[in-house]
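Down below is the structure, laid out as structure tokens.
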Amino acid sequence: MTRTLINDLNNHIDEVVTVKGWLQTLRDQKNMQFLILRDRTGLVQVAHYRPEHPELGEHISALGTESALTVTGKVVKNEVVKLGGLEIQLHDLVIENNAEAPLPYDPFDQENMPAIDFRMDWRYLDLRRDQNLLLFRVQTLLEHAMREFWVNEGFIEIHSPKIMGSPSESGAELFEIDYFERKAYLAQSPQFYKQMAMAAGFERVFEVGPVFRADPSYTSRHMTEFTGLDIEISWIESHEDVLKFTERWLNYAFQRVKDELDEEIMKVFGIEVTVPEVPFPRLTMAETLDVLKKVGYDLPKERKGDLDPGGERAIAEYVKNEFNNEFFFLIDWPITVRPFYHMRHPDNPDLTRSFDLIAGGLEIATGAQREHRYEVLKKQALEYGLGLESIQFYLDFFRYGCPPHGGFGMGLSRLLMVLLKLPNIREAVYLFRGPNRLHP
RNA sequence: GGGGGCGUGGUGUAGUGGCUAACAUGCGGCCCUGUCAAGGCCGAGACCGCGGGUUCGAACCCCGUCGCUCCCGCCA
């Protein structure tokens, strides 16, 4: 018999069906046994009148919570049943996989929820929670909508290598690996490779893939491995063209999530999805520092035009009040806090054509127009004290007709944190990787 | 790399110098006319992360250590 999903049972009243799922609760009485069965679409009550099948009753009594079951029975309307006004009268039961008792913890007991670290030890149980099931449906739809947008706008998808012979960018720490007789590194950004696609004439590319950072960062928003959303666009006039694309793209993806899952998100997470309005506010770093001064936020002196997280939150608060937007671009960062390949303003060589995207007070993306002029790029690299030999393969991209271009890198899980207002990135990722977390 | 906080039955908590370590939940048993956040009764389960110290006496104070966590730095 084919399987019926629980949210489809309404269409099978008075029919005998087979449903498959997990035993969420067993209410075991003398004559009646009630099994609450859960599949990915919902919950249903299964009722068993014990005296009719005493042996089956014994089997049911021995079941552990969260056992995987196949249940056959007749769907009947029953107004008395609080769970959807219907139930399944049990005919037969197959225990596909009994759950040992007790469970390490009950994932459906909201009152006694263990801390995130313990839940990660039993991640497959934790993922059974409604919140997690929905979270990954949201992530799937979000990514799907992003791809739709990209494809409709003529983007080409690339998959750049994650094993590299030399560091791609200076700054962030690299994981070193043994590569036969040599050393190699895990990619900490697809930056150079997506720029290569510009030199290759692809004009617009995106990549969704893993990014590795050997930073010993112990915070609620850092991981050593995460999924990066990267794009690069050719023939731009300035970084403003990248901003314009970014805001339309995010607006579309968030709107798709809201259209399809807003109600469920409200039910499970208790929040309404906020679709950021286009255009997102743009604040230059200079303006931002003025605003911070005005609202009385003291930036540590040594920061030289950069922001600390407190400053980021303060300016986010200001933007929220002033423009009623959770999203905004912080643009025109000084060269001192940006890499050598960011293009500089022609009228102010101390500033770069760069931006950060801040959402919900969290830094979720960084981007810029890239310097595509070979001689200028070489000069800037030397200014940063880089040896040209080590990045010559990269510099070579700009020798035979590379168009002006720019793009960004964004953290998928950070975006989900913002979308679902999660306090910790560990809640927003399938399996967390951090400095002291390699399992499961 | 720097700083703060927390480690008590399976899980969540209470207890901050006199405890035979409490409560909830879960687990096991018995009971219950169909339950539905089921209910009732009984029971098992923790030498209070680990090591040392102070004290007549330590879950509680001190030192060390390990683990976790958060913040800063770094970033997405």
Side-chain angles (χ1 to χ4, degrees), chain A residues 24-36 43-51 61-62 64-66 76 78-87 89 99-122 125-126 169-173 188-191 210-230 300 302-303 306-313 337-339 356-359 362-367 408-418 423-426 428-429 434-437:
Chain A
Q24 184 148 327
T25 305
L26 172 63
R27 288 191 276 270
D28 197 358
Q29 302 182 159
K30 189 177 188 178
N31 290 321
M32 292 299 301
Q33 291 173 311
F34 299 98
L35 301 83
I36 307 302
L43 299 169
V44 68
Q45 171 166 292
V46 179
H48 179 233
Y49 184 58
R50 231 177 145 145
S61 288
T65 307
E66 288 300 307
V76 296
N78 187 343
E79 294 306 326
V80 178
V81 180
K82 292 180 180 172
L83 194 58
L86 59 77
E87 68 180 3
Q89 291 173 341
E100 294 173 31
L103 296 164
Y105 76 99
D106 177 1
F108 295 92
D109 181 0
Q110 300 277 1
E111 304 295 309
N112 298 306
M113 197 57 62
I116 179 74
D117 189 58
F118 184 85
R119 283 187 283 125
M120 283 193 294
D121 289 340
W122 299 97
L125 286 180
D126 197 47
E169 286 186 70
S170 56
E173 297 288 323
Q188 41 101 296
S189 163
Q191 182 60 36
V211 178
F212 303 91
R213 302 278 166 90
D215 291 319
S217 296
Y218 300 88
T219 78
S220 55
R221 58 186 190 282
H222 286 88
M223 301 189 275
T224 48
E225 176 179 350
F226 63 90
T227 301
L229 306 167
D230 271 86
E302 69 277 10
R303 309 234 13 135
D306 198 355
L307 286 187
D308 61 340
E312 245 163 47
R313 284 188 289 270
V337 292
R338 290 302 196 185
D356 273 13
L357 174 58
I358 315 285
L362 187 67
E363 192 176 321
I364 63 167
T366 298
F408 66 75
M410 183 179 293
L412 174 62
S413 298
R414 284 196 176 181
L415 189 63
L416 268 176
M417 279 176 80
V418 172
N424 195 312
I425 203 159
R426 295 166 179 81
V429 67
N436 17 334
R437 174 62 70 165

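Any value given below was found using the heavy atoms of this structure, including those in side chains, with hydrogens, waters and symmetry copies removed. Just so it is clear: chains get the letters A, B, ... in the order the sequence lines come, proteins before strands, and each one is counted from 1.
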Just by protein heavy atoms under 4.0 Å, how would nucleotides 5-15 of chain B read 5' to 3' in B, S and -?
-----SSB---
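Here, U16(B) and U11(B) have their C1' atoms 24 Å apart, quoted to the whole Å. With C1' as the reference atom, G1(B) and G12(B) are 35 Å apart, rounded to whole Å. Atom P of A14(B) sits at a distance of 16 Å from the matching atom of C23(B), rounded to the whole Å. Comparing G2(B) with C74(B), their C1' atoms sit 13 Å apart, to the nearest whole Å. A distance of about 46 Å separates the C1' atoms of C48(B) and U33(B), rounded to the whole Å. Straight-line distance between the P atoms of C6(B) and G64(B): roughly 16 Å, to the nearest whole Å.
If you check every strand for non-hydrogen atoms under 4.0 Å, Arg338(A) touches nothing. Within 4.0 Å of Asp121(A), counting heavy atoms only, lies no atom of the nucleic acid at all. Here Gly228(A) lies out of heavy-atom contact (under 4.0 Å) with every strand. Base contact: Val81(A) has a heavy atom under 4.0 Å from a base atom.
Per the geometry, CD belonging to Gln33(A) stands 12 Å off P belonging to G34(B), to the nearest Å. Per the geometry, CG belonging to Asn31(A) stands 16 Å off C1' belonging to A38(B), to the nearest Å. Rounding to whole angstrom units, NZ of residue Lys82(A) and C1' of A37(B) are separated by 10 Å. Between the CG atom of Leu43(A) and the C1' atom of C36(B) there is a distance of 12 Å, rounded to whole Å. The NZ atom of Lys30(A) sits 12 Å away from the P atom of C30(B) (whole-angstrom rounding). Atom CD in Glu66(A) sits about 13 Å away from atom C1' in G26(B), given to the nearest Å. A straight line from CD1 of Ile425(A) to P of U69(B) spans 14 Å, rounded to a whole angstrom. Regarding Ile36(A), its CD1 atom lies at a distance of 15 Å from the P atom of G34(B), rounded to whole Å.
Look at Ser217(A) and you won't find any side-chain N or O under 4.0 angstrom from OP1 or OP2 of G73(B). Within the structure, a side-chain polar atom (N or O) of Asn436(A) is placed less than 4.0 Å from OP1 or OP2 of C68(B). Distances shown here put a side-chain N or O of Gln29(A) below 4.0 Å from the OP1 or OP2 atom of G34(B). A close approach under 4.0 Å does not occur between any side-chain nitrogen or oxygen of Thr219(A) and OP1 or OP2 of C70(B). Contact annotation: Arg27(A) side-chain N/O to A38(B) OP1/OP2 distance is under 4.0 Å. Using a 4.0 Å cut-off, some side-chain N or O of Asn424(A) falls inside it from OP1 or OP2 of C70(B). At C68(B), none of the side-chain N or O atoms of Arg426(A) fall inside 4.0 Å of OP1 or OP2 (strictly under the cut-off). Applying the 4.0 Å criterion to OP1 and OP2 of G34(B), one finds that Arg50(A) has every side-chain N and O outside that range.
Per the stacking criterion (ring centres < 5.5 Å, plane angle < 30°), Phe34(A) does not stack onto the base of G34(B).
In this structure, U33(B) makes no Watson-Crick or G-U wobble pair, since no nucleotide meets both defining distances under 3.5 angstrom. Both distances falling under 3.5 Å, in either a Watson-Crick or a G-U wobble arrangement, occur for no nucleotide opposite A76(B). C68(B) is paired with G5(B) under the criterion used here, namely a Watson-Crick or G-U wobble arrangement in which both key atom distances are under 3.5 Å.
Taking every side-chain heavy atom of Glu363(A) into account, A76(B) is the closest of G34(B), A76(B), C70(B).
The salt bridge (charged side-chain N to carboxylate O under 4.0 Å, His left out) check on Asp109(A) picks up nothing, with sequence neighbours excluded.
The base of G26(B) is not paired with the side chain of Thr65(A) by any donor and acceptor separated by under 3.5 Å. At a cut-off of 3.5 angstrom, the base of C68(B) holds no donor-acceptor pair with the side chain of Arg437(A).
Salt bridge status for Asp121(A) with Arg437(A): present, with a side-chain N to carboxylate O gap under 4.0 Å.
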